[in-house]
Amino acid sequence: GEIAFLGMFDTYRPGARGWAGESPWRPHRWWSLYRGLDAAQRTALRRRTGFRLWRLPMLRLREWLGGGVAPQALRLHRVERSNQRALAAYRPLPYAGRITLFRAMHAGSAGDPALGWDGFGDGVDVIELAGRHDNILEQAELASRVRDCIDAL
């Protein structure tokens, strides 16, 4: 079928500079990334770190002691890791149309406004919204901006 509208929400083109999947191991950037987090993001990071350091090993031990039956949290973790590997391996096919990118313009965001999508299709329309990557879908303005794009078709 024909694609009438392709809208993406604050996502880098896989393989583009700045894409999260390009290299998960960059310790020299950790402190600057941590300083850019707000209180809620820091809390989530501490919770996730605690899960990986303490709870995950205990869940694996529980699975081993339970005869191979994985607890639900461990199964969910494995699905998440599988999704991350699929994302890292994904390379999109060329697209013959315009792309609309709804981009979170949090404080300190810089670099390529099109997040690597320029030259991928017939051009990129970047719509800047307040907020961060992790809360762009919660922004009140998003629904009206998407509706405007669809109404303009």
Side-chain angles (χ1 to χ4, degrees), residues 3 5-95 99-121 124-147 149:
I3 298 171
F5 174 73
L6 176 59
M8 295 186 291
F9 303 102
D10 203 51
T11 184
Y12 280 91
R13 180 183 53 79
R17 181 175 172 83
W19 177 57
E22 69 181 354
S23 176
W25 186 256
R26 291 180 177 227
H28 63 281
R29 295 184 55 214
W30 290 351
W31 179 245
S32 63
L33 292 171
Y34 184 79
R35 285 186 317 198
L37 301 177
D38 64 22
Q41 291 171 315
R42 287 180 182 187
T43 299
L45 178 63
R46 283 191 297 273
R47 188 176 305 124
R48 185 139 183 96
T49 302
F51 176 83
R52 288 185 178 260
L53 290 176
W54 304 108
R55 188 149 187 249
L56 189 57
M58 295 306 291
L59 290 170
R60 288 181 176 140
L61 178 63
R62 196 167 129 200
E63 175 187 28
W64 181 74
L65 292 173
V69 177
Q72 182 178 7
L74 183 54
R75 290 192 310 267
L76 291 174
H77 171 74
R78 288 178 176 154
V79 168
E80 181 180 275
R81 285 194 54 211
S82 176
N83 289 341
Q84 289 170 345
R85 284 192 299 271
L87 175 62
Y90 177 71
R91 294 298 176 263
L93 297 173
Y95 174 67
I99 297 169
T100 301
L101 175 65
F102 299 92
R103 179 159 181 209
M105 295 304 295
H106 56 84
S109 64
D112 177 12
L115 303 180
W117 293 104
D118 273 336
F120 184 74
V124 180
D125 300 315
V126 179
I127 297 176
E128 298 175 355
L129 300 170
R132 302 178 313 265
H133 174 76
D134 62 335
N135 69 8
I136 189 171
L137 295 178
E138 300 166 10
Q139 299 305 312
E141 184 185 6
L142 178 61
S144 65
R145 300 299 296 268
V146 170
R147 182 169 307 282
C149 291

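The figures here come from the full heavy-atom set of this structure, side chains too, leaving out hydrogens, waters and symmetry mates. Here the structure is a predicted model, which is why all the values come from computation and not from measurement.
The closest donor-acceptor contact from the side chain of W117 to the backbone of T11 lies under 3.5 Å. The main-chain N or O of E141 is found under 3.5 Å from a side-chain atom of S144 such that the two form a donor-acceptor pair. Between the side chain of H133 and the backbone N or O of D10, at least one donor-acceptor pair lies under 3.5 Å.
Under the 4.0 Å criterion applied to side-chain N and carboxylate O atoms, R132 and D38 are assigned as salt-bridge partners.
Looking at every heavy atom in both residues, G131 comes nearest to A104 through O-CB, 3.5 Å. In this structure, L59 and A73 approach most closely via the heavy-atom pair CD1-CB, 3.7 Å. Residues C149 and F102 share a closest heavy-atom pair of SG-CZ, 4.0 Å.
Take R78 and apply the side chain to side chain donor-acceptor pair (under 3.5 Å) test, not counting sequence neighbours, and it matches E63. For E128, the side chain to side chain donor-acceptor pair (under 3.5 Å) criterion is met by no residue, not counting sequence neighbours. In this view, F5 satisfies the ring pair (Phe, Tyr, Trp, His ring centres under 6.0 Å) rule with no residue, not counting sequence neighbours.
The CD1 atom of I99 sits 5.5 Å away from atom CG of L6, with the distance rounded to the nearest 0.5 Å. Rounded to the nearest 0.5 angstrom, R42 CZ and T49 OG1 are separated by 13.0 Å. One finds the CD1 atom of I127 at 8.5 Å from the CG atom of L101 (value rounded to the nearest 0.5 Å). Going from atom CG of L142 over to atom CZ of R147 covers 11.5 Å, rounded to the nearest 0.5 Å. Note that the CG atom of L53 and the CZ atom of R46 stand 14.0 Å from one another [nearest 0.5 Å].
Using cut-offs of 30° and 60° for the angle between ring planes, the H77 and F51 rings count as tilted.
Under a cut-off of 6.0 angstrom, the local environment of CZ in R85 is crowded, with over 12 non-hydrogen atoms contributed by other residues, nucleotides or ligands. Atom CD of E80 has more than 12 heavy atoms from other residues, nucleotides or ligands within 6.0 Å.
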Applying side chain to side chain contact (heavy atoms under 4.5 Å, CB included) to D134 and Q41, what does each step give before you reach the verdict? CA-CA 9 Å; D134 62 335; Q41 291 171 315; 3.4 Å; yes

Go through R13 and L115 one step at a time and tell me if the side chain to side chain contact (heavy atoms under 4.5 Å, CB included) criterion holds. CA-CA 6 Å; R13 180 183 53 79; L115 303 180; over 6 Å; no

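Checking R103, R145, M105 one by one against L129, the side-chain contact (heavy atoms from CB on, under 4.5 Å) holds for a single residue, R145.
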